[in-house]
Amino acid sequence: MAFIEMKDIVKTYGSSVVLHGVSLSMEKGQVVSIIGPSGAGKSTFLRCLNHLEIIQKGSICINGQYLARMDAEGNSVYAPEKEMRKICLNMGMVFQNYAIFPHMSVRDNVAFGLKNRKVPQDQIESQVDEILKVVKIDHLKKRMPSKLSGGQQQRVALARAIVIHPEVLLMDEPLSNLDAKLRVEMRNAIKRIQQQVGITTIYVTHDQEEALAVSDRIAVMNGGVIQQIDTPKNVYQRPSNIFVSTFIGLSNIMDGRIEARDGQTLLHIGDYSVPMENLSRSAQDGQAVKVSIRPEEFIISREDSGGIPAVVRSSVFLGITTHYFVETADGREMEVIQNSDIWDIIPDHTPIRLGVQPHKINVFTEDGSQSLIVRRDHS
């Protein structure tokens, strides 16, 4: 059994269903990020794990101990209160607003959980000193929270959560109140600390770059359902449906058609055709499809040598790459990213042709619900 096993979780508020039979399993020491738009059910799902929200159906098991089981009808039956309290006490949680005590010093904030667990004073001193060094604020242990920056307060909250050596660390939008530069600094620190301490971590965020940076796996949620759970690489490169493709990173969506005959499969996008070697057998000759092309998966040509006809409307030079905003012949606006050329940037109003890299693009059924790409990874 996995270290964390949440199975068929249903959560309702009155007649409103927030979680529709959601399941998630995790191995010990993993970091799984839950990402999705506002209202997707991310934070609710997280709060179900430590009993801050009561589930109606499903089961929750942590390290072989059941917080909730399913009865014969599939309804949830919770463990006795004493057992639940023991399980939940072995969890650390870092909230969006830090929730550190303003009247306590850094040291006393971090020591709070240890004192509640009746840890001897000499051990409290050594454990607090050790964890403050890990999060790199040991020189601030006598300061009050009002004298700390946002990033320093976040480190205090993180230290307080992990000093008790929890089995599970729950993080709910922990960096959303920080500025962009500090977010990058703190997400790198969280990744480093998590690897150093090795705590099984569930990380809720709406920031896709943050999720890609800190996670072993990413669960993409929408409408109370996990759309895909996979490695960051697979979620980005091989999304399971159009929602995932457009939510994680940028994607240009185009209409296409499959031609499968004489042992060859072609993808037609308007008058442009490209051979495909990784479509599933379910792809049918003449089938209408949706094609997802990330900006970096295009190839720009100024020659009339085949491709999707378009015109450059504007461009943004960003050093390593140049972003082109183009309009196709049918009036569709798209973004194209190319490595910056040493000589020049394609001027506005220039006619171009867009080719694609067929091994990188994604093809979905016409309704966008299912990928038609055969994955050839070993993750």
Side-chain angles (χ1 to χ4, degrees), residues 4 28-34 43 46-53 62-63 84-179 182-183 185-205 210 214:
I4 293 178
K28 188 175 178 63
Q30 277 192 331
V31 179
V32 172
S33 286
I34 303 176
S43 294
L46 183 78
R47 290 165 65 86
C48 290
L49 187 59
N50 68 345
H51 201 228
L52 291 176
E53 297 283 356
I62 302 171
N63 196 18
M84 283 198 299
R85 187 178 294 120
K86 182 180 178 182
I87 295 169
C88 293
L89 275 173
N90 282 327
M91 298 184 195
M93 190 156 186
V94 181
F95 295 93
Q96 179 178 344
N97 61 358
Y98 316 145
I100 59 178
F101 303 116
H103 61 287
M104 292 184 181
S105 67
V106 168
R107 178 202 168 281
D108 290 339
N109 261 285
V110 176
F112 182 79
L114 297 173
K115 289 180 178 178
N116 278 356
R117 287 163 174 75
K118 310 295 189 214
V119 175
Q121 186 61 36
D122 60 333
Q123 293 182 31
I124 290 177
E125 293 288 345
S126 62
Q127 289 180 39
V128 168
D129 286 345
E130 180 183 357
I131 203 65
L132 289 178
K133 288 178 182 176
V134 169
V135 299
K136 297 187 176 180
I137 53 170
D138 50 304
H139 60 294
L140 302 174
K141 66 180 179 180
K142 293 183 180 180
R143 283 200 191 174
M144 301 301 287
S146 61
K147 303 296 184 182
L148 301 176
S149 68
Q152 290 166 344
Q153 291 184 42
Q154 182 62 73
R155 289 171 190 259
V156 174
L158 183 60
R160 189 177 63 185
I162 63 180
V163 73
I164 61 173
H165 297 287
E167 289 188 319
V168 179
L169 179 61
L170 307 178
M171 308 187 79
D172 191 3
E173 300 275 11
L175 307 183
S176 61
N177 290 335
L178 304 181
D179 62 49
L182 198 51
R183 285 174 74 98
E185 179 184 327
M186 279 305 304
R187 82 184 186 207
N188 293 337
I190 286 171
K191 181 69 172 177
R192 174 181 54 79
I193 292 163
Q194 194 281 332
Q195 290 176 334
Q196 185 175 342
V197 180
I199 300 172
T200 307
T201 302
I202 299 181
Y203 191 105
V204 166
T205 180
E210 203 171 286
V214 304

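Rounded to the nearest 0.5 Å, atoms CG (Leu148) and CD (Gln154) are 12.0 Å apart. With rounding to the nearest 0.5 angstrom, the CZ atom of Arg187 is 7.0 Å from the CD atom of Glu210. Distance check, rounded to the nearest 0.5 Å: NE2 of His103 to OG of Ser146 gives 12.5 Å. Atom CG of residue Asp129 and atom NZ of residue Lys141 lie 4.0 Å apart, to the nearest 0.5 angstrom. Atom CD in Gln152 sits 5.0 Å away from atom CG in Leu140 (nearest 0.5 Å).
The closest side-chain heavy-atom distance from Leu158 to Met171 is below 4.5 Å. You'll find the side chain of Ile137 stays beyond 4.5 Å of the side chain of Lys133, heavy atoms only. Between Arg117 and Ile164 there is a side-chain heavy-atom pair separated by less than 4.5 Å. Within the 4.5 Å cutoff, no side-chain heavy atoms of Leu46 are placed close to those of Leu52. Side-chain contact check for Leu132 versus Val110: some heavy-atom pair is nearer than 4.5 Å. Inter-residue side-chain proximity for Leu169 and Thr200 is flagged as unmet; no heavy-atom pair is nearer than 4.5 Å. For the pair Pro145/Ile100, a side-chain contact is recorded, criterion being any heavy-atom separation below 4.5 Å from C-beta on. In this structure, Phe112 and Val128 have side chains that are not in contact, with every pair of non-hydrogen atoms separated by 4.5 Å or more.
Asn63 is linked by a side-chain hydrogen bond (donor to acceptor under 3.5 Å, both in side chains) to Glu167, counting only residues two or more places apart in sequence or in another chain. Not a single salt bridge (Lys or Arg N to Asp or Glu O under 4.0 Å) links Arg160 to another residue, sequence neighbours left out. Residues that satisfy the side-chain contact (heavy atoms from CB on, under 4.5 Å) test with Gln194, not counting sequence neighbours, are Val31, Thr201. Taking Arg192 as the reference, Lys136, Arg155, Ala189, Gln196 meet the side-chain contact (heavy atoms from CB on, under 4.5 Å) condition, with sequence neighbours excluded. Applying the salt bridge (Lys or Arg N to Asp or Glu O under 4.0 Å) rule to Glu173 yields no partners; only residues at least two apart in sequence or on another chain are considered.
More than 12 heavy atoms of other residues, nucleotides or ligands sit less than 6.0 Å from atom NZ of Lys191. Atom NZ of Lys28 is surrounded by more than 12 heavy atoms from other residues, nucleotides or ligands within 6.0 Å.
Asn109 places a side-chain N or O within 3.5 Å of a backbone atom of Phe101 that can act as its donor or acceptor partner. No donor-acceptor distance shorter than 3.5 angstrom exists from the side chain of Ser105 to the backbone of Lys142, with no hydrogens or angles considered.
Scanning both residues, Pro166 and Met91, for their nearest heavy atoms gives CB-C, 3.8 Å. Here the shortest heavy-atom pairing between Val204 and Pro174 reads O-CD, 3.8 Å.
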Checking Val214 against Ser33 for the side chain to side chain contact (heavy atoms under 4.5 Å, CB included) test, could you report, in this order, the C-alpha distance in whole Å, the side-chain angles of both residues, the deciding distance, and whether it holds? CA-CA 8 Å; Val214 304; Ser33 286; 3.7 Å; yes

May I have the step-by-step check of side chain to side chain contact (heavy atoms under 4.5 Å, CB included) for Leu49 and Glu53, ending in yes or no? CA-CA 8 Å; Leu49 187 59; Glu53 297 283 356; over 6 Å; no

Let me see the working for Leu175 and Ile190 under side chain to side chain contact (heavy atoms under 4.5 Å, CB included), right down to the final yes or no. CA-CA 10 Å; Leu175 307 183; Ile190 286 171; 3.9 Å; yes

Check the pair Asn90 / His165 against side chain to side chain contact (heavy atoms under 4.5 Å, CB included), numbers first and verdict last. CA-CA 8 Å; Asn90 282 327; His165 297 287; over 6 Å; no

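Between Asp172 and Arg47 there is no salt bridge, since none of the side-chain N atoms of the basic residue sits less than 4.0 Å from a carboxylate O of the acidic one.
Put simply, the residue from Val197, Val134, Ile131 that forms a side-chain contact (heavy atoms from CB on, under 4.5 Å) with Val163 is Ile131.
Within the structure, salt bridge (Lys or Arg N to Asp or Glu O under 4.0 Å) pairs that include any residue of residues 102-115 comprise Arg107-Glu125 (at least two apart or interchain).
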